[in-house]
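So you know, we letter chains A, B, ... as the sequences are listed, proteins then strands, and number each from 1.
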Amino acid sequence: MTTPATIRGIGAHVGSRVELRGWLYKQRGKGKLAFVHLRDGTGVIQAVATRDQLGEETFARLKGLQQESALKLRGNVRADERAPGGYELDVDDLEVVAPAAADYPIAHVSDQGIDFLLGKRHLWLRSSKQHAVLRVRNEVIKAIRDFFYEREFVLVDAPIFTPAACEGTTNLFEVAYFEDKAYLTQSGQLYMEAAAMAHGKVYCFGPTFRAERSKTRRHLTEFWMVEPEMAWATLEDVMDLAEAFLEAVVARALERCKEELKTLERDTSALERVRRPFPRLTYDEAVKLLHDKGLPFEYGNDLGAPDETAISESFDRPVMIHRWPAAVKAFYMARDAANPALALGVDVIAPEGAGEVIGGGQRSIDLADLERQLEVHKLPREAFEWYLDLRRFGAVPHGGFGLGLERLVAWICGREHVREAIPFPRTIYRKEP
RNA sequence: UCCUCGGUAGCUCAAUGGUAGAGUAGGUGGCUGUUAACCACUUGGUUGUAGGUUCGAGUCCUACCCGAGGAGCCA
């Protein structure tokens, strides 16, 4: 009797004979004995094969297999301290499903260059750390959906094709749209504002495109963004939501991705400190902090990456910076009643140099102000008529934020670069594979 | 768009202007407890491209191509 099994759940099969299906990860020959590491997507197990057990011909066939050959192995499961992973399979039968070619390019002990690895991303996904990162991404996505579902936010998908910019400041990808032109979305927010007036609390979660010529470890041209939006919300409500959100998602990853974070050699102490409340600084306080640290910073500018890092180093958890000079923020930001020069926006800076993971705020509901801001930002009025309608028909205070999924996943996984946090990254000079 | 660094074997890298090399991967053989196994032997090159200087260029010069990570901008 042979039971199909997966490597992750192999502990339940000790003492019985199972069949494992997977790919040859590593093989160490030892004369008439062979150690075979089999990878099945759920984990890696060490299998032991002997010539006496398998017979001369099958044993020779096993030893001739290349890394990544697809196999079925059958045999008894045994707990063994000598095996990495704690369990071992005594192979008594081998089925070669698809032998791999001899020139598998990805080395296990990888000091390979990033250019090479990204070019082989379709194969790089199989290696243990990349595998772990995508498992964490999977869990983070589930945690995000659960978080909003439990709080009665309604998922409302925003369109990918859009008629114009959501924000005037960044570049858009233009695509042919029959006899017309369209643009790939750079944010679903404006649509979420419409949806919030229909459902109260909503969010969207989908791909976002930015044709920015950015070449940094924090940028992709295609990335996934989560954008909740709440009717009847103030800036303070948005900040409350943002910190509850980060606390919940990080806690979930810590709870359910222990193995993956271990594989990634992630020191989780910074993640364990992601607990409410987060420090909240006004922009003015943040600028003062920079000046106290001796950094040259001109009041009124946006914070650069080094400034963000300097601020986050003063705290042991994510920092929220709010009430920004309106001039550096998007056209739709509401003004602070106490000081109209300030916009009711908030950025959340993650620790460890991970940078800005969340940007959001309270939206302007003043029709005349928005009309003026569209002109100031040189945005085409016609394309925003529908958006202005939202202010004509029952506008209430509302707000929300956008979170970059890859920045969050990269930070949780302790990866330097966001490109490892998405299966097939798109950057300015790379769209293959 | 700007700044900086880089491109030599499948991969990671070395080579004072003077015979292009090592490790690793691949191949062959050996080994019954390996943990990046080990030992022996071995295949492997249009030095990113095009010019130029020189008796001689991987090395120096010019242009171009490609990539990386930083700025700006952003999540």
Using the C1' atoms only, state how far B:G56 lies from B:C39, rounded to an integer number of Å.
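Approximately 42 Å lies between the C1' atom of B:C39 and that of B:G56.
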Atom P, compared across B:U42 and B:G6: separation rounded to whole Å:
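So the two P atoms sit 35 Å from each other.
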Given B:G26, B:A75, B:G33, the nucleotide with the shortest approach to the side chain of A:Phe35:
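My answer, after comparing the listed nucleotides, is B:G33.
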Can you tell me how far C1' of B:G33 sits from CZ of A:Arg51, to the nearest Å?
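About 17 Å, once rounded to whole Å.
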Do the side-chain N and O atoms of A:Glu212 and A:Thr221 include a donor-acceptor pair separated by under 3.5 angstrom?
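No.
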What integer distance in Å separates A:Glu212:CD from B:C2:P?
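Value for this atom pair: 18 Å.
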Does A:Asp302 reach a base, just sugar-phosphate, or nothing at all? Heavy atoms under 4.0 Å.
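If one applies the 4.0 Å heavy-atom cut-off, A:Asp302 turns out to touch the sugar-phosphate alone, with no base involved.
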Among B:U32, B:U34, B:C74, the one nearest A:Arg82 by side-chain distance
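Of the candidates, B:U34 comes closest.
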Do A:Tyr332 and A:Gln373 have side-chain N/O donor and acceptor atoms under 3.5 Å apart?
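On atom types as modelled, these side chains do not qualify, holding no pair under 3.5 Å.
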Test for a donor-acceptor pair under 3.5 Å between the base of B:C73 and the side chain of A:Ser214, counting only N and O atoms.
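Yes.
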With a 4.0 Å cutoff (strictly under), does any side-chain N or O of A:Arg430 reach OP1 or OP2 of B:A68?
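Yes, such a contact exists.
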So which nucleotide from B:A71, B:A36, B:G33 ends up closest to the side chain of A:Val48?
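Among the listed nucleotides, the one closest to the side chain of A:Val48 is B:G33.
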Nearest to side-chain heavy atoms of A:Arg419, which nucleotide of B:C74, B:A68, B:U34
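In terms of side-chain proximity for A:Arg419, the closest of B:C74, B:A68, B:U34 is B:A68.
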Taking only N/O atoms, report every protein-nucleotides 4-12 of chain B pair under 3.5 Å with atom names and distance.
residue: B:C11; atom: O2'; partner: A:Gln112; partner atom: NE2; Å: 3.2
residue: B:U12; atom: OP1; partner: A:Gly113; partner atom: N; Å: 2.9
residue: B:U12; atom: O2'; partner: A:Asp111; partner atom: OD2; Å: 3.4

Just to confirm, is there a sub-4.0 Å distance from OP1 or OP2 of B:G70 to any side-chain nitrogen or oxygen of A:Arg217?
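Indeed, a polar side-chain atom of A:Arg217 lies that close.
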Flag, side chain of A:Arg217 to backbone of A:Glu416, donor-acceptor distance under 3.5 Å:
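Yes: the side chain of A:Arg217 pairs with the backbone of A:Glu416.
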Tell me whether the rings of A:Tyr191 and A:Trp386 are parallel (<30°), tilted (30 to 60°) or perpendicular (>60°).
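Rings of A:Tyr191 and A:Trp386: parallel, as their planes differ by under 30°.
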Report the distance from atom CD1 of A:Ile422 to atom P of B:A75, rounded to the nearest whole Å.
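About 16 Å, once rounded to whole Å.
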Considering every strand and a 4.0 Å limit on heavy-atom distances, what is the contact class for A:Lys120: base, sugar-phosphate, or nothing?
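The answer is nothing, as A:Lys120 stays clear of every strand by at least 4.0 Å.
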Keeping A:His131 on the side-chain end and A:Gly41 on the backbone end, is there a donor-acceptor pair under 3.5 Å?
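At least one qualifying donor-acceptor pair exists.
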Residue mapping more 5' on RNA chain B - nearest nucleotide basis, A:Pro306 or A:Arg78
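The residue closer to the strand's 5' end, by nearest nucleotide, is A:Arg78.
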For the pair A:Arg280 (side chain) and A:His322 (backbone), establish whether a donor and an acceptor sit closer than 3.5 Å, ignoring hydrogens and angles.
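Side chain of A:Arg280 to backbone of A:His322, a donor-acceptor pair under 3.5 Å: no, none is there.
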Taking 5.5 Å and 30° as the limits, would you call A:Phe223 and the base of B:A75 a stacked pair?
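Stacked: centres under 5.5 Å apart, planes under 30°.
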Have a look at A:Gly355 and say if it touches a base, only the backbone sugar-phosphate, or nothing, with a 4.0 Å heavy-atom cut-off.
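If one applies the 4.0 Å heavy-atom cut-off, A:Gly355 turns out to touch nothing in the nucleic acid.
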Return no unless some side-chain N or O of A:Arg213 is found under 4.0 Å from OP1 or OP2 of B:C3.
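No, no such contact exists.
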For B:C5 and B:C73, measure between their P atoms and round to the nearest Å.
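Their P atoms lie roughly 24 Å apart.
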Charged tip of A:Arg151 within 45° of A:Phe147 ring normal and under 6.0 Å:
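Here A:Arg151 passes the 6.0 Å and 45° test against A:Phe147.
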Closest to side chain of A:His219, choosing from B:A75, B:A71, B:C31:
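Shortest atom-to-atom distance from the side chain points to B:A75.
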Identify which nucleotide among B:A36, B:A68, B:C31 has an atom closest to any side-chain atom of A:Tyr429, counting heavy atoms from C-beta outward.
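Looking only at side-chain atoms, A:Tyr429 lies closest to B:A68.
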As a test of reading the structure: which of B:G72, B:G27, B:A75 is closest to the side chain of A:Arg210, going by heavy atoms?
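The answer is B:A75, which lies nearest to the side chain.
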Could you measure between the two C1' atoms, the one in B:G44 and the one in B:G23, and give it in whole Å?
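Nearest-Å result for B:G44 against B:G23 at atom C1': 14 Å.
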Any idea how A:Phe173 and A:Phe209 line up, ring-wise: parallel (<30°), tilted (30 to 60°), or perpendicular (>60°)?
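Perpendicular, since the angle between the ring planes exceeds 60°.
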Name the nucleic acid region contacted by A:Asp103, choosing base, sugar-phosphate or nothing; use a 4.0 angstrom heavy-atom cut-off, strictly under.
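Contact class for A:Asp103: none.
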Reckon A:Leu405 touches a base, only the sugar-phosphate, or nothing at all at heavy-atom distances under 4.0 Å?
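The residue A:Leu405 makes no contact with any strand.
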Counting only distance, no hydrogens or angles, is the base of B:A68 paired donor-acceptor with the side chain of A:Lys215 under 3.5 Å?
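Per atom types, the contact qualifies.
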Given 3.5 Å as the limit, does a donor-acceptor pair link the side chain of A:Glu88 with the main chain of A:Ala47, or not?
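Not confirmed, A:Glu88 side chain does not pair with A:Ala47 backbone.
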Testing the 3.5 Å rule here: is there a donor-acceptor pair between the side chains of A:Asp40 and A:Thr42?
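There is such a pair (donor and acceptor under 3.5 Å, judged by atom type) between the side chains of A:Asp40 and A:Thr42.
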Starting from C1' on B:C73, measure out to CG on A:Leu303 and report it in whole angstrom.
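Value for this atom pair: 13 Å.
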Please measure how far the P atom in B:A9 lies from the corresponding atom in B:U1, and state the result in whole Å.
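Each nucleotide's P atom is 30 Å from the other's.
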What is the distance, to the nearest angstrom, from the CG atom on A:Leu33 to the P atom on B:G30?
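Distance, rounded to whole Å: 15 Å.
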Using the P atom in both, what is the distance from B:U54 to B:C61, to the nearest Å?
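The same atom, P, in both gives a distance of 16 Å.
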From C-beta outward on A:Gln66, which listed nucleotide comes closest to its side chain: B:U32, B:G27, B:G33?
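Closest nucleotide to the A:Gln66 side chain: B:G27.
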Can a donor-acceptor pair under 3.5 Å be found between the side-chain atoms of A:Glu88 and the base atoms of B:G33?
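Under the 3.5 Å cut-off, the side chain and the base do form a donor-acceptor pair.
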Reading RNA chain B from 5' onward, which residue's closest nucleotide shows up sooner: A:His417 or A:Asp52?
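Upstream on the strand: A:Asp52.
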In terms of side-chain heavy atoms, does A:Gln46 have a donor or acceptor partner in A:Arg82 at a distance below 3.5 Å?
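No, no side-chain donor-acceptor contact under 3.5 Å.
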In whole angstrom, give me the gap between the C1' atoms of B:A15 and B:A20.
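Here B:A15 and B:A20 have their C1' atoms 7 Å from each other.
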Do A:Glu352 and A:Trp411 get their side chains close enough for a donor-acceptor pair, meaning under 3.5 Å?
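A pair is found: one side chain offers a donor N or O, the other an acceptor, under 3.5 Å apart.
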Between B:C11 and B:U46, how many Å separate the two P atoms, rounded to a whole number?
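That atom pair is separated by 12 Å.
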Just the rounded figure in Å: distance from C1' of B:C73 to CH2 of A:Trp324.
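Checked: the CH2 to C1' distance equals 13 Å.
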Watson-Crick or G-U pairs under 3.5 Å in RNA chain B, rendered as dot-bracket with [ ] for crossing pairs and | for another strand:
(((((((..((((....[..)))).(((((.......))))).....(((((..]....))))))))))))....
Integer-rounded Å distance: B:U34 P and A:Arg28 CZ:
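The distance from CZ of A:Arg28 to P of B:U34 comes to 10 Å, rounded to the nearest Å.
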Stepwise ring-ring contact (aromatic ring centres under 6.0 Å, His included) test for A:Phe205 and A:Phe153
CA-CA 12 Å; A:Phe205 192 178; A:Phe153 281 69; over 10 Å; no
Contact class for A:Ala305 (heavy atom, under 4.0 Å): base, sugar-phosphate, or nothing?
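Touches sugar-phosphate only.
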